[in-house]
Amino acid sequence: MAIIDVIKYDGSPDVFAWKHPESELGTWTQLIVNQSQEAILFKDGRALDLFGPGRHTLSTANIPILNRLINLPFGGKSPFAAEVWYVNQVSAMDVKWGTANPIQIQDPKYNIIVPVRAFGQMGLKIADSRKFLIKLVGTLPEFNQVNMVNYFRGLIIMNINSMLSSYLIHRKVSVLEINAYIAEISQHFADTIASTFEEFGIELINLYIHNVNLPEEDPSVIRLREALARKAEMDIIGYTYQQERSFDTLEGAAKNEGSMQSDIMGAGLGMGMGVGLGGSFSSGMSQISQVMSTTETPSVRLCEHCHHPNQEQSSFCSKCGKSLGGKTVTTACNKCGHTMQKGTRFCPNCGDKYHACPSCGADNAENASVCMVCNEPLPRPCAECNHMNLPNTKFCGNCGTALTLKCSQCQHEVKPGQKFCLDCGNNLQEGGQ
């Protein structure tokens, strides 16, 4: 193999370290090191002599450490084996980084787990060439920006995960508001990981977080944004979440033609809405009381167990199912057809649970949305907390979760506020859900 006479490197600026492909050198070889470069001789995996910018002739004066190892005879072009590494010490200011996968963080303001992605840019400079080559480069023939980002991505993601979580918790800042604090977070992040880069001979000049965002298609993000939009609407109009639920309850009772309170609740709802949403709900209830006092009150039967008012002809309490006295009223089990007494909890023949219709008392399937006898809407359980809600309510009165509605004709699921069923075209605004 020919002995190299001149060694130099004029490569791409995004390369941090480059090894000369030839290792057979000779005395009097010219080693050219450009400005902002350093060259290091390696022998048997050990970093020996270091050369700064300029032209260097490999002689006894220039390679004293290597000379002590192999005792070079300098009478001519004596060959010897050594590796030459070039280290680029130009500041690289455009090293981009980002989280490949979203980081799961609990929003301290709304207590919901949301995925967070972060993107940014950092500036680096090789401060200690010897330490950089020994600890980081190893046997790679070249070390560029891609290698740098791949190597430190785990370090960045680990630190940004803990840093963002601790910052949000201590400052009580929502992830939706975090971009207002980007400058402060960037400086804190840079101070956190700068010492780790120093261990590899790298100086972290700066680090910027360009953006912290949430995946728009994630279900938790969609739910959070919808909740905030609903809260903003309530704040603008001037009513609270509890008042909205109460209005939904009154409206559902007013629309239930089979209920004895329908006329009273309908009139009371009208009076309550007349006082304005911004008024106190107690004022609305006062209006309802006035209406009830001036309206002829129908005869009712109070349940001895829960004191719930029932229609005069009722035999069982519509709230707790206890017998109100009088003759025994029976119904058929929806599963086996066996005759059973209204108010019992389970069928005595097959053990199926008794799901009574509030209007007629008929037994219905557990997942039925309307009564199979009188076609009245049935109470629906919330999918989140299993709380029973009135048929026409849109949100759970216990946890606020949106309730799934079904078309009365085809049982196709529809969204709250939807006008027509997308499956059969049934008019949902005319009691079709």
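No experiment lies behind these values; they were computed from the predicted model shown. If you read the sequence from its start, that first residue is 1, and numbering goes on from there.
Interatomic distance, CD1 of Ile40 versus CZ of Phe132, reported as 10.5 Å (0.5 Å rounding). Atom-to-atom distance recorded for Thr29:OG1 and His56:NE2 is 13.5 Å, nearest 0.5 angstrom. From Asp352, atom CG reaches atom OH of Tyr354 across 12.0 Å, with rounding to the nearest 0.5 Å. Between atom CZ of residue Arg171 and atom CD of residue Glu177 there is a gap of 13.0 Å, rounded to the nearest 0.5 Å.
Residues Leu204 and Ala190 approach most closely at CD2-O, 3.8 Å, considering heavy atoms. When all heavy atoms of Ile160 and Thr99 are compared, the closest pair comes out as CG2-CG2, 4.4 Å. The nearest pair of heavy atoms linking Gln89 to Ala127 is NE2-O, 4.2 Å. Between Phe189 and Ile209 the shortest heavy-atom distance is CD2-CD1, 4.1 Å. Among all heavy-atom pairs drawn from Asn364 and Met372, the shortest one is OD1-N, 2.8 Å.
Leu50 is listed as a side-chain neighbour of Arg130, based on a closest heavy-atom distance under 4.5 Å. In this structure the side chain of Asn179 reaches within 4.5 angstrom of the side chain of Val212, judged on heavy atoms. The side-chain heavy atoms of Trp97 and Met122, taken from C-beta on, include a pair separated by under 4.5 Å. Under the 4.5 Å side-chain criterion, counting only non-hydrogen atoms from C-beta, Leu164 is not in contact with Val175. Contact check for Phe42 versus Leu48: no side-chain heavy atoms found under the 4.5 Å cut-off. Annotation: side chain of Ile205 is in contact with side chain of Met93 (closest heavy-atom distance under 4.5 Å). Within the 4.5 Å cutoff, no side-chain heavy atoms of Ser174 are placed close to those of Pro108. Ser36 places none of its side-chain heavy atoms less than 4.5 Å from the side chain of Pro53.
Put simply, the side chain of Asn34 gets close to the backbone of Tyr9: a donor and an acceptor are under 3.5 Å apart. Asn150 places no side-chain N or O within 3.5 Å of a backbone atom of Asn147 that could act as its donor or acceptor partner. Between the side chain of His188 and the main chain of Glu184, no donor-acceptor pair closer than 3.5 Å is present.
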**OP:** Check the pair Gln106, Ile112 against side chain to side chain contact (heavy atoms under 4.5 Å, CB included), reporting the backbone distance first and the verdict last.
**Re:** CA-CA 5 Å; Gln106 182 177 11; Ile112 184 173; over 6 Å; no

Subject >> Ile193 and Phe197: CA distance, side-chain angles, deciding distance, side chain to side chain contact (heavy atoms under 4.5 Å, CB included) verdict >> reply: CA-CA 7 Å; Ile193 66 174; Phe197 279 93; 3.7 Å; yes

Subject >> Verdict with reasoning, Asp128 to Phe200, per side chain to side chain contact (heavy atoms under 4.5 Å, CB included) >> reply: CA-CA 8 Å; Asp128 190 328; Phe200 296 92; over 6 Å; no

Subject >> From CA spacing to verdict: side chain to side chain contact (heavy atoms under 4.5 Å, CB included), Asn206, Gln121 >> reply: CA-CA 8 Å; Asn206 52 50; Gln121 180 178 337; over 6 Å; no

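Under a 4.0 Å N-O distance rule, the pair Glu198/Lys131 does not qualify as a salt bridge. Under the 4.0 Å criterion applied to side-chain N and carboxylate O atoms, Lys8 and Asp10 are assigned as salt-bridge partners.
The ring of Tyr151 has its center no closer than 6.0 angstrom to the ring center of Phe143.
At a cut-off of 3.5 Å, with distance as the only test, a side-chain donor of Ser129 or Glu38 sits close to an acceptor on the other residue.
Counted within 6.0 Å of OH on Tyr181, heavy atoms from surrounding residues, nucleotides or ligands total 12 or fewer; the atom is thus considered open.
With respect to Val116, the side chain to side chain contact (heavy atoms under 4.5 Å, CB included) criterion is satisfied by exactly one of Ile105, Asn213, Leu168: Ile105.
Every side chain to side chain donor-acceptor pair (under 3.5 Å) that Asp363 has, sequence neighbours left out, goes to Asn334.
Below 30°, between 30° and 60°, or above 60°: for His210 and Tyr208 the angle between ring planes is below 30°, a parallel geometry.
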